[in-house]
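Numbers for residues simply follow the sequence, beginning at 1.
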Amino acid sequence: MSAPSTDTDKQRRLRARLAELIAAMSPGEPLPAERDLARELGVARMTLRRAVDGLVAEAVLVRRQGAGTFVAPAKVAHRLAANSFSADMRSRGLRPGSRTLRSGRAPAGVMLAALLEVPTGTPVLHVRRLRLADDEPMAVEDLHVPADLVPGLTGAELEDRSYYELLAERYGHRIASGTQTAEAALTSAEDAAVLGVEPGAPAFCFERTCRVDGGRVAEFVRSIYRGDRYRIMADIFPS
C-alpha cells in the first residue's frame with residue numbers, strides 16, 4: 001500500500017500544472033479567476049492562492065491590485081558591462097526610448113563633486129528620465145553631467161536620444177571607459193509610480209561613472225531597473 005501524498009507533493013504537482021498553464025500563455029495575459037482556476041485544477045482556493053503567491057514572489061506572475069494576476073513580462077538579460085541603455089536594448093532586439101521627467105542645473109554638493117571629479121559648487125546638469133523598451137517602462141534614471149562638458153544641452157533634447165551618441169556627435173567626446181556597480185533594491189514610492197509597479201517591488205540599482213577620451217568624468221548615473229523585467233548575467237572564466 002502506497003503512502004499518502006503529502007501537502008508538499010500536492011504543492012509540487014500544483015506548481016507543475018500552473019507552470020504548464022503559464023507556459024502556454026503570453027506575457028501580460030491574465031490568469032483565470034481564482035474560483036474558476038481552483039475548480040479546473042481540482043484544488044481548494046487557499047491551496048491555489050499559496051501556489052500563486054509563491055510564483056508572484058519568484059516574479060513568474062505579477063499581481064496588480066484591483067486588476068488581477070498576470071503572466072510576468074519576459075525579462076531582459078543584461079551582461080555586466082558599461083554599455084549605454086540604448087545600445088543594450090537594441091542588442092536585445094528591443095526599441096529603446098526615454099521620456100524626460102525633469103531636468104535642471106544646480107551646484108554640485110560635496111559627494112556629487114567627488115564622483116564627477118569637479119570642484120564643489122561646479123554647475124551640474126541633472127536629468128531624470130524614464131527609460132523605455134518597446135514603449136514599456138524598464139528603468140528610471142538620474143543622469144548627472146558637468147554642465148561645461150555639454151554647454152546648452154537640455155533635458156528635452158534627451159527625449160528618445162542616447163546621451164552617449166549625442167555626446168559624441170555634438171560635443172566630440174567619446175566614452176573611453178566606465179565603472180558600474182549593481183545591487184538589489186526595493187522601489188521607492190516615487191520610482192514605483194513611474195515604473196508601473198507597487199512600492200517596495202524588487203529592483204536592481206545600477207550606479208555608473210564613465211570617462212571620455214582624455215580621462216575626464218562625463219557622467220554619474222543612478223538607475224533603478226524593474227526586477228520583474230530585468231535579469232543580470234555574468235561570464236565566468238576558469239582561473
Side-chain angles (χ1 to χ4, degrees), residues 22 26-31 49 52-89 92 94-104 106 109 111-112 115 124-145 155 158-160 162-163 178-210 219-234:
I22 292 166
S26 301
E29 188 175 344
L31 281 186
R49 193 172 301 151
V52 169
D53 286 345
L55 293 172
V56 169
E58 295 171 15
V60 175
L61 297 172
V62 177
R63 184 174 284 127
R64 296 174 187 159
Q65 190 170 3
T69 304
F70 301 80
V71 178
K75 291 190 177 185
V76 174
H78 171 71
R79 292 191 182 276
L80 289 176
N83 293 332
S84 74
F85 176 89
S86 298
D88 188 28
M89 293 301 108
R92 286 155 177 77
L94 300 172
R95 184 179 68 258
S98 65
R99 187 166 77 240
T100 298
L101 303 175
R102 62 176 181 266
S103 64
M111 291 183 63
L112 184 57
L115 290 165
V124 170
L125 172 66
H126 171 213
V127 181
R128 183 170 173 83
R129 294 192 288 176
L130 176 64
R131 308 311 303 264
L132 308 168
D134 284 350
D135 297 323
E136 290 293 323
M138 179 67 76
V140 61
E141 169 193 282
D142 286 285
L143 169 68
H144 304 269
V145 186
L158 288 171
E159 290 265 358
D160 291 324
S162 163
Y163 167 62
T179 301
Q180 182 167 268
T181 63
E183 63 182 0
L186 299 176
T187 51
S188 67
E190 181 182 2
D191 291 341
V194 295
L195 289 173
V197 299
E198 293 293 322
F204 293 109
C205 175
F206 290 91
E207 292 188 345
R208 181 175 70 239
T209 55
C210 284
E219 65 171 358
F220 169 68
V221 182
R222 185 178 187 273
S223 304
I224 299 294
Y225 280 74
R226 286 176 53 164
D228 63 339
R229 294 206 63 199
Y230 213 66
R231 180 174 62 185
I232 298 175
M233 295 189 304

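Note that OG1 of Thr187 and CG of Leu195 are 7.0 Å apart. Values are rounded to the nearest 0.5 Å. Rounded to the nearest 0.5 angstrom, Asp142 CG and Glu219 CD are separated by 12.5 Å. Considering CD of Glu159 and CG of Leu130, their distance stands at 10.0 Å, rounded to 0.5 Å. Rounded to the nearest 0.5 angstrom, Glu198 CD and Asp228 CG are separated by 11.0 Å. Between the CG atom of Leu132 and the OG atom of Ser98 there is a distance of 7.0 Å, given to the nearest 0.5 Å. The CG atom of Leu143 sits 14.0 Å away from the CZ atom of Arg222 when rounded to the nearest 0.5 Å.
Taking every heavy atom of both residues into account, Tyr225 and Ser223 meet most closely at CE1-CB, 3.5 Å. Ile224 and Cys205 get closest at one heavy-atom pair: CD1-CB, 3.7 Å. The heavy-atom pair separating Val127 from Leu125 by the smallest distance is CG2-CG, 3.9 Å. Shown here for Thr100 and Gly155, the closest heavy-atom pair between the two residues is OG1-O, 2.7 Å. Here the closest non-hydrogen pair linking Val52 and Leu31 is CG2-CD1, 4.5 Å. Closest heavy-atom contact between Met138 and Ala133: CE-CB, 3.8 Å.
Inter-residue side-chain proximity for Arg129 and Arg99 is flagged as unmet; no heavy-atom pair is nearer than 4.5 Å. Looking at Leu101 and Val140, their side chains come closer than 4.5 Å, going by heavy atoms from C-beta outward. Between Asp53 and Arg63, the closest side-chain pair of non-hydrogen atoms falls below 4.5 Å. Between Val145 and Tyr163, some side-chain heavy-atom pair lies under the 4.5 Å cut-off. Here the side chains of Arg131 and Pro96 are not in contact, with every heavy-atom distance at 4.5 Å or above.
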Apply side chain to side chain contact (heavy atoms under 4.5 Å, CB included) to the pair Ile22 and Leu55, showing each step before the final yes or no. CA-CA 10 Å; Ile22 292 166; Leu55 293 172; 3.9 Å; yes

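Between His126 and His144, the ring planes lie parallel to each other; the angle is under 30°, not in the 30° to 60° tilted range.
Glu190 has a carboxylate O that lies under 4.0 Å from a charged side-chain N of Arg128, or vice versa, which qualifies the two as a salt bridge.
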